[in-house]
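In what follows, every chain begins at residue 1, and chains take the letters A, B, ... in the order their sequences are listed. Nothing here was measured: the structure is a model prediction, and the numbers come from that model.
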Amino acid sequence: MPEKPYDPQTIELKWQERWLQDPDLYKPLEDLSRPKFYVLEMLPYPSGTLHIGHVRNYAIGDALARYKWMRGFSVLHPMGWDAFGLPAENAAIANKRDPYEWTMSNIENMKRQHRRMGFSYDWSREIATCQPDYYRWNQWFFLKMLEKGLAYRKKALVNWCPECGTVLANEQVVNGCCWRHDGVSVEQRDLEQWFLRITAYADELLNDIGNLEGHWPERVLTMQRNWIGRSEGAEVDFTLEGTETRIRVFTTRIDTIYGATAVILAPGHPVTAGLLDDNGKAVAKGMIDSLASKGPGDIEKEGFFTGHYAMNPFNGAMVPIWVGNFVLMGYGTGAIMAVPGHDERDFEFCKQYGIAIAPVIWPESGDEPAVPFLEYGVLHDSGEYSGLASEEARRVMAAKAKADGFGKAAITYRLKDWGISRQRYWGTPIPVMHCPNDGIVPVPESDLPVVLPLGIEITGKGRSPLVHVPEFMNVKCPKCGGDARRESDTMDTFVDSSWYFYRYCDAHNSTAPFDSAKIAYWFPIDQYIGGVEHAILHLIYSRFWTKMMRDLGLITNDEPTTRLFTQGMVIKEGAKMSKSKGNIVSADSMIEKYGADVGRVFELFAAPPEKEMDWTDAGAEGSMRFLGRVYRFVTRNADQVRLNQGELTDADRKVLRKLHQTLRKITEDFESRWHFNTSIAAIMELVNELYAQESNLSGTVLTEVLEKLVLMIEPFAPYLAEEMWEEMGRKGPVFKQPWPAFDPELAREAEADVVIQVNGKVRGRISVGFGADKEHLREKALAEPKVQPFLDGKKVLTVIVVPDKLVNIVVK
RNA sequence: GGCGAAGUGGCGGAACUGGCAGACGCACCAGACUCAAAAUCUGGCGAAGUUCACUCUUCGUGUGGGUUCGACCCCCACCUUCGCCACCA
């Protein structure tokens, strides 16, 4: 049969059309009689076009899903469609379209693009988290949390992005700036906001990291540990001189308390208001403002004496009360005891302002410590505790504080409760109302969902536009029947992404967020694939949400996903691909130029998937050449009617060996490493070998080679595989064929190639049968002519033999 | 400043458990085919030296030390790059 030229566009269009006519053919990768496998990838926004950065993420997951399916797993392989708010909102405004409708039409567009890329996910699972249907369940969860005290409203200093015109959670502030707006400093505002009590799960979130060890990337776990930031210590009350007012401080080193020479308050600490005159208040305010405007790292320590003193409850000492800009209101109690003898920051501050320095911990050696002495040691000048070791003193003194009612052992977290209020139009409305008589009243469950009013003017700036919509805002209180106002805040869109993958399992359920039995079958997710940028955002929120749902009795798994894989970004010409840089390559233009298969293969071939990958057009050309070589070889040999069906030739044996070695390598790569770049390299080697041996191959071997080659390449280049399968006269679809097994016997080399080294340098090599004994190898090596010059006149000290691998002769 | 990861040809990257460094591809060079070009096929391609030639030798995985018969791989110190956190008491 004459070979055919490789024309990816024609091939791919043909199969797209066929698959469109028979959507079932490409859809239900779910079969409950099989073992389960759930792959999930995160998708950013539906508002833009699919670009090659997304394609790579999906190609990684899609190749895996296809492999698993062929191995007999029932695969649920959805790709997330979170309608994150702002981009969709802005796009809708710009296009004067209804936002719901706009988002849904974007999703249709995304579906088309995914289909063109040949991704094999379950279409029936699609959800958009912006739909009223999804709002209902967000609101339902919110009410449950409200009932359990896991959702609450309080006035607090919160992060405000002037560009977004909304509040942000701590996790969404990056280097003091909004995560969406590089270089826009976040302001601190004192506002009434809704919070979810994620800190109730701080300990569990931290401890369970141990269970993820080995299955999640280490750096993600480290980031989560740091973010949760547990520290064990004690709280102690210092009493304001001449009053009963207590100032509570948090310390991890209660053993150093006899060395406390000051109490330092954060500028925003509530007690400061009572202590300071107008001038002092102004200075404190100035500190807060200047802190907000400065980036981290370039803040100089500053402070001033309040003129007041406080009493150390352990020894009755009166110490001055200062205000210091380095004390954070948001951590611990917002007040510290300054122990300059044993803390670097306190030392720096006290030295600067001439505050006394009193060392009270001495090293084990008994030498006087050089201040600041930061290690544990033995207590000195500490009253009845003198002579105790630091570790013991920490316990004993915390117990004493508790017994005498002026403190206790305490644990502090860096993690704060999750502020979910947003002053945006776009997002799930928080389902409560404010009644003058009854206060905060939840919307009755039967009235859910509270949906957003449509067709309103959206400015994208300032307060939520909902405030100006009377039909939305004015309601009757369900308790007293009087006039009430709706909550105008909407939920953070990270609420949506915290559980959307659960909804995928039962996307059209109208009586519950999902059927627990379905979740029990699919969860936890076997494999999650997403960007590392979500390490302390989405990936911590979704862990929290899972534990919360478990405690509501809806699910039984403790973690959302067993394994996490963080893929590397796609960059172009050394720069991260982004719309603002204008360097994105859209999937459409890539398909037009090279075809979807070429794009997929190149993105997997260029670098291992966890690494960054540089997109170059030249590289894509290379993958195009490779797929062309495959296609031409298969088409010109597809009839495979050859004579010499009898004895296998040398070429046959060689090719068979290579085939099974390749198959073994790819199978192993899929099972463990996911280094698809080496998988594809192995197929390239096989194809090179096929070209070299082509004229000498017999028909039977050719048949086996073609079949397995097509099956092997299917997860990477599905359209090409389908087309070649048809050329060979086989019935498709290829991805429903079982994954071929390799034969270890055929994969084995005929003879072992044993390297002979002299003093660790390669001097020759011999071929011997496998399993040759050590003595035999030793003799053969010593007799090898090529090594003789290196043994000449030298004494053989020892010979190290590694069977089937190498012989190292050590001489002097 | 703290924690973590990484440094291999002109480039992307291989080398999986301490055992042949540079698989595979890109770029480049040469040859075949062609009137010619493209496409395709074949060969070459770390550096220096060496042979008429098949070859062979030495050096070579950021730098300096160490462990080992043997180190890209393990240990110590340093340099560089990237990532995260950054006064967390």
- Message: Could you tell me how far B:C24 sits from B:U80 if I compare only their P atoms? Round to whole Å.
- Response: 37 Å
- Protein-nucleotide distance (A:Phe626, atom CZ; B:C24, atom C1'), rounded to Å: 10 Å
Could you pull out the protein-nucleic contacts involving nucleotides 55-58 of chain B (nitrogen or oxygen on both sides, under 3.5 Å)?
{"unit_1": "B:U58", "atom_1": "OP1", "unit_2": "A:Arg763", "atom_2": "NH2", "d": "3.4"}
{"unit_1": "B:U58", "atom_1": "OP2", "unit_2": "A:Arg763", "atom_2": "NH1", "d": "3.2"}

- Rounded to the nearest angstrom, tell me the gap between atom CZ in A:Arg230 and atom C1' in B:C85. 20 Å
- Item | Per A:Leu328 side chain, nearest of listed nucleotides B:C85, B:G19, B:A89 | B:A89
- Task: Return the value, rounded to whole Å, for the distance between atom CD1 of A:Ile536 and atom C1' of B:G83.
- Result: 12 Å
- At under 4.0 Å between heavy atoms, what does A:Gly619 touch on the DNA or RNA strands: base, sugar-phosphate, or nothing? nothing
- Under the 3.5 angstrom rule, does the side chain of A:His342 hit a backbone N or O of A:Leu374 as a donor-acceptor pair? no
- Message: Using a heavy-atom cut-off of 4.0 Å across all strands, would you classify A:Lys665 as base, sugar-phosphate, or nothing?
- Response: base
- Query: So what is the 5' to 3' dot-bracket string for RNA chain B, if pairs are Watson-Crick or G-U wobble with both distances under 3.5 Å, crossing pairs use [ ] and | means the partner sits on another strand?
  - Reply: (((((((..(((......[....))).(((((.......))))).((((......))))..(((((..]....))))))))))))....
- Query: Is there a donor-acceptor contact under 3.5 Å linking the side chains of A:Asn688 and A:Arg629?
  - Reply: yes
- Message: Do A:Tyr6 and A:Leu720 have side chains that approach each other closer than 4.5 Å (heavy atoms only, starting at C-beta)?
- Response: yes
- Using the P atom in both, what is the distance from B:A37 to B:A23, to the nearest Å? 30 Å
- Query: C1' atom, B:A48 versus B:A39: distance in rounded Å?
  - Reply: 38 Å
- Message: Could you tell me if A:Asn325 and A:Glu302 have a donor-acceptor pair between their side chains, going purely by distance under 3.5 Å?
- Response: no
- Query: Distance under 6.0 Å and angle within 45° of the ring axis: does A:Lys301 meet both against A:Phe326?
  - Reply: yes
- Note on the structure: Quick tally for nucleotides 66-72 of chain B: nucleotides whose base has a protein heavy atom under 4.0 Å get B, sugar-phosphate-only ones S, the rest -, giving ---BS--
- Take atom P in B:U63 and the same atom in B:C79, then report the distance between them in whole Å. 15 Å
- Message: I want to check one thing: is the phosphate of B:G4, taken as OP1 and OP2, less than 4.0 Å away from some side-chain N or O of A:Arg225?
- Response: no
- Query: Of the nucleotides B:C84, B:C41, B:G19, which has the atom closest to the A:Met223 side chain?
  - Reply: B:C84
- Would A:Glu668 and A:Lys665 pass as an ion pair if we require N to O under 4.0 Å? no
- Note on the structure: Closest to the 5' end of RNA chain B, once A:Glu218 and A:Thr252 are matched to their nearest nucleotides, is A:Glu218
- Is the NZ or CZ atom of A:Arg636 positioned over A:Tyr691's six-membered ring, under 6.0 angstrom from the centre and within 45° of the axis? yes
- Side-chain heavy-atom pair A:Ile713, A:Phe626 within 4.5 angstrom cut-off: yes
- Message: Please enumerate all residues that pass side chain to side chain contact (heavy atoms under 4.5 Å, CB included) together with A:Asn808, with sequence neighbours excluded.
- Response: A:Gln757, A:Ile800
- Query: With a 4.0 Å cut-off, would you call A:Glu213 and A:Arg225 a salt bridge?
  - Reply: yes
Are any protein N/O atoms closer than 3.5 Å to N/O atoms in nucleotides 7-14 of chain B? If there are, list each pair with its distance.
{"unit_1": "B:G12", "atom_1": "O2'", "unit_2": "A:Ala606", "atom_2": "O", "d": "2.7"}
{"unit_1": "B:G13", "atom_1": "O3'", "unit_2": "A:Asn677", "atom_2": "ND2", "d": "3.4"}
{"unit_1": "B:A14", "atom_1": "OP1", "unit_2": "A:Asn677", "atom_2": "ND2", "d": "3.3"}

- If you look at every strand shown and take non-hydrogen atoms under 4.0 Å, does A:Val799 touch a base, only sugar-phosphate, or nothing? nothing
- Task: Would you kindly say whether A:Tyr413 and A:Asp203 are connected by a side-chain donor-acceptor distance under 3.5 Å?
- Result: yes
- For A:Asn688, answer base if it contacts any base atom (sugar-phosphate contacts may also be present), sugar-phosphate if it contacts only those atoms, and nothing otherwise; contact means non-hydrogen atoms under 4.0 Å. sugar-phosphate
- Message: Using whole Å, what does the distance between atom P of nucleotide B:C84 and atom CE of A:Met569 come to?
- Response: 9 Å
- If you check every side-chain atom of A:Ala681, which of B:A23, B:G25, B:A89 has the closest atom? B:A23
- Provide the distance between the two C1' atoms, one in B:U81 and one in B:G43, to the nearest whole Å. 38 Å
- Item | Atom-to-atom span, CZ of A:Arg414 to C1' of B:C85 - whole angstrom | 7 Å
- Item | Close aromatic pair by centroid cut-off 6.0 Å: A:Phe670 and A:Phe676 | yes
- Task: Counting heavy atoms from C-beta on, name the nucleotide in B:G83, B:G19, B:C41 closest to the side chain of A:Val802.
- Result: B:G19
- Task: Please determine if a side-chain N or O atom of A:Ser231 lies less than 4.0 Å away from the OP1 or OP2 oxygen of B:A89.
- Result: yes
- Note on the structure: Against the side chain of A:Arg625, the closest entry in B:A89, B:C26, B:G83 is B:C26
- For A:Lys4, does the NZ atom have more than 12 heavy-atom neighbours from other residues, nucleotides or ligands under 6.0 Å away? no
- Atom P, compared across B:C16 and B:C29: separation rounded to whole Å: 34 Å
- Closest approach of A:Pro267 to A:Val323 (non-hydrogen atoms, all atoms of both residues): CA-CG1, 3.7 Å
- Nearest-Å distance for atom pair CD/C1', residues A:Glu694 and B:U40: 13 Å
- Of A:Asp669 and A:Thr222, whose closest RNA chain B nucleotide lies nearer the 5' terminus? A:Thr222
- Message: For A:Glu344, I'd like to know if atom CD has over 12 heavy atoms of other residues, nucleotides or ligands within 6.0 Å.
- Response: no
- Note on the structure: For A:Met624 and A:Pro8, the nearest pair of non-hydrogen atoms, with its separation, is CE-CG, 3.9 Å
- For the pair made of CD in A:Gln661 and C1' in B:A15, what is the distance, rounded to whole Å? 16 Å
- Message: With the 90 degree cut-off around zero defining syn, does B:G9 come out syn or anti?
- Response: syn
- Item | Separation of B:C24 P from A:Glu685 CD (nearest whole Å) | 5 Å
- Message: Of the listed nucleotides (B:A27, B:C24, B:C16), which one gets closest to any side-chain atom of A:Ala618?
- Response: B:A27
Name the atoms and distances for all side-chain donor-acceptor pairs under 3.5 Å in residues 215-222 of chain A, with sequence neighbours left out.
{"unit_1": "A:Trp216", "atom_1": "NE1", "unit_2": "A:Thr561", "atom_2": "O", "d": "3.4"}
{"unit_1": "A:Trp216", "atom_1": "NE1", "unit_2": "A:Thr562", "atom_2": "O", "d": "3.4"}
{"unit_1": "A:Thr222", "atom_1": "OG1", "unit_2": "A:Glu218", "atom_2": "O", "d": "2.9"}

- Determine the Euclidean distance between corresponding P atoms of B:G66 and B:C73; express it in Å to zero decimal places. 14 Å
- Message: Taking B:C54 as the reference, what is the distance to B:G65 when you measure between their C1' atoms (whole Å, please)?
- Response: 42 Å
